[in-house]
Amino acid sequence: MSNARKWIIGLLAIIALVLIGWNITSSDNKSASSAMSDQSPTYTSETSKTTVYNPQGSLAYQLVSKQVEYFDAQQLTWFTQPVLTTYDETKRATWVLTADKAKLTQDRMLYLYGHVVVQSQLSDSRLQRLTTDSAQVNLVTQDVTSNDKVNLQGIGFESNGMKLRGNLRAKTAELLEKVNTSYEIQK
């Protein structure tokens, strides 16, 4: 075998090794960048307003937020300073829910975090205000739950306790543990 042929074969082997190495590092970068893109939001929006109607065409609820981030890989949406307003069948606002952050999952569960306040918009409602650190709301059934300390305020009473179960549509709330209630006797 001639020296020229040996040099050409050696040079081709080096080029093949460089191309194989480049291909391997390129595919590693692609998987790292796709993992990074799974962690970043698919889209971000400032000052969002979402209006949802029930199957009969009546206004069900409205969700306003200072910022929204949607993550397609996890199928969830994060809201900053959300304000959820629910409506009854007569289109009256019934409840306003606020929090520092909220997470909406694909099964229409809204998880509220930080300074959660549920305020009645109806003056005749016995339950006027609910405060806690976190709560979960099923947007379809309007069931509300919390496993944290909860404070309930209503007409003539105030209750504190742990673990709340209730329903916004039925205007009910039940404290399940360590309940302490004080009543104001009306004359």
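We use all heavy atoms of the structure for the numbers below, so side chains are in, but hydrogens, waters and symmetry mates are not. Quantities reported herein were computed from a predicted structural model and do not represent experimental measurements.
The side-chain contact (heavy atoms from CB on, under 4.5 Å) test applied to S125 returns W95, S120, L122, L127, Q128, K171, not counting sequence neighbours.
Looking at L97 and V116, their side chains never come closer than 4.5 Å, going by heavy atoms from C-beta outward. For the pair V117 and H115, the minimum side-chain heavy-atom distance is 4.5 Å or more. Proximity of T132 to L164: side-chain heavy atoms (C-beta onward) are nowhere separated by under 4.5 Å.
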Q. What's the verdict on side chain to side chain donor-acceptor pair (under 3.5 Å) for D88 and T94, showing C-alpha distance, side-chain angles and the deciding distance?
A. CA-CA 6 Å; D88 64 10; T94 53; over 6 Å; no
Q: List the steps and the verdict of side-chain contact (heavy atoms from CB on, under 4.5 Å) for L130 and V150.
A: CA-CA 7 Å; L130 178 152; V150 178; 4.0 Å; yes
Q | Residues T145, Q136; criterion side chain to side chain donor-acceptor pair (under 3.5 Å); working and verdict | A | CA-CA 5 Å; T145 60; Q136 301 83 41; 2.8 Å; yes
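Note on L59 and V137: separate hydrophobic clusters, where clusters join Ile, Leu, Val, Met, Phe, Trp and Tyr whose side-chain heavy atoms are under 4.5 Å apart, directly or indirectly. Linking Ile, Leu, Val, Met, Phe, Trp and Tyr residues whenever their side-chain heavy atoms come within less than 4.5 Å leaves L84 and Y53 in two separate clusters. Both F71 and Y111 sit in one connected hydrophobic cluster of ILVMFWY residues. Membership requires side-chain heavy atoms under 4.5 Å apart, directly or through other members. Both L104 and V52 are members of a single hydrophobic cluster when ILVMFWY side chains are connected at heavy-atom separations under 4.5 Å. Both F79 and L139 are assigned to one and the same hydrophobic cluster, defined by single-linkage of ILVMFWY side chains at heavy-atom distances under 4.5 Å.
Contact detail for S58 and E89: the closest heavy-atom pair is OG-O, 4.3 Å. For S146 against D148, the heavy-atom pair with the smallest separation is OG-N, 3.2 Å. Taking each heavy atom of L76 and Y70 in turn, the nearest pair found is O-CD1, 3.5 Å. Y61 and Y87 make their closest contact through CA-CD1, 4.0 Å (heavy atoms, listed as atom of the first residue, atom of the second, distance). Shortest non-hydrogen contact noted between D72 and T42 is N-OG1, 2.9 Å. When all heavy atoms of V64 and K49 are compared, the closest pair comes out as CG2-CG, 3.9 Å.
With a 6.0 Å radius and a threshold of 12 heavy atoms from other residues, nucleotides or ligands, K149 has its NZ atom at or below the threshold. Within 6.0 Å of CZ on R108 lie no more than 12 heavy atoms contributed by other residues, nucleotides or ligands.
Neither side chain, Q62 nor T85, offers a donor N or O lying under 3.5 Å from an acceptor on the other.
Just one of T47, T77, L63 meets the side-chain contact (heavy atoms from CB on, under 4.5 Å) condition when paired with V68; it is T77.
To the nearest 0.5 Å, the span separating OG1 on T131 from CD on Q153 amounts to 6.0 Å. Summarising the geometry, atom CG belonging to L152 is positioned 13.0 Å from atom CZ belonging to R126; distances are rounded to the nearest 0.5 Å. Taking CG of N147 as the start and CG of D133 as the end, the distance is 12.0 Å to the nearest 0.5 Å. Note that CD of Q119 and CZ of R129 are 5.0 Å apart. Values are rounded to the nearest 0.5 Å. Once rounded to the nearest 0.5 Å, the distance linking NZ of K178 with CE of M162 reads 6.0 Å. To the nearest 0.5 Å, the span separating CD on E46 from OG1 on T80 amounts to 8.5 Å.
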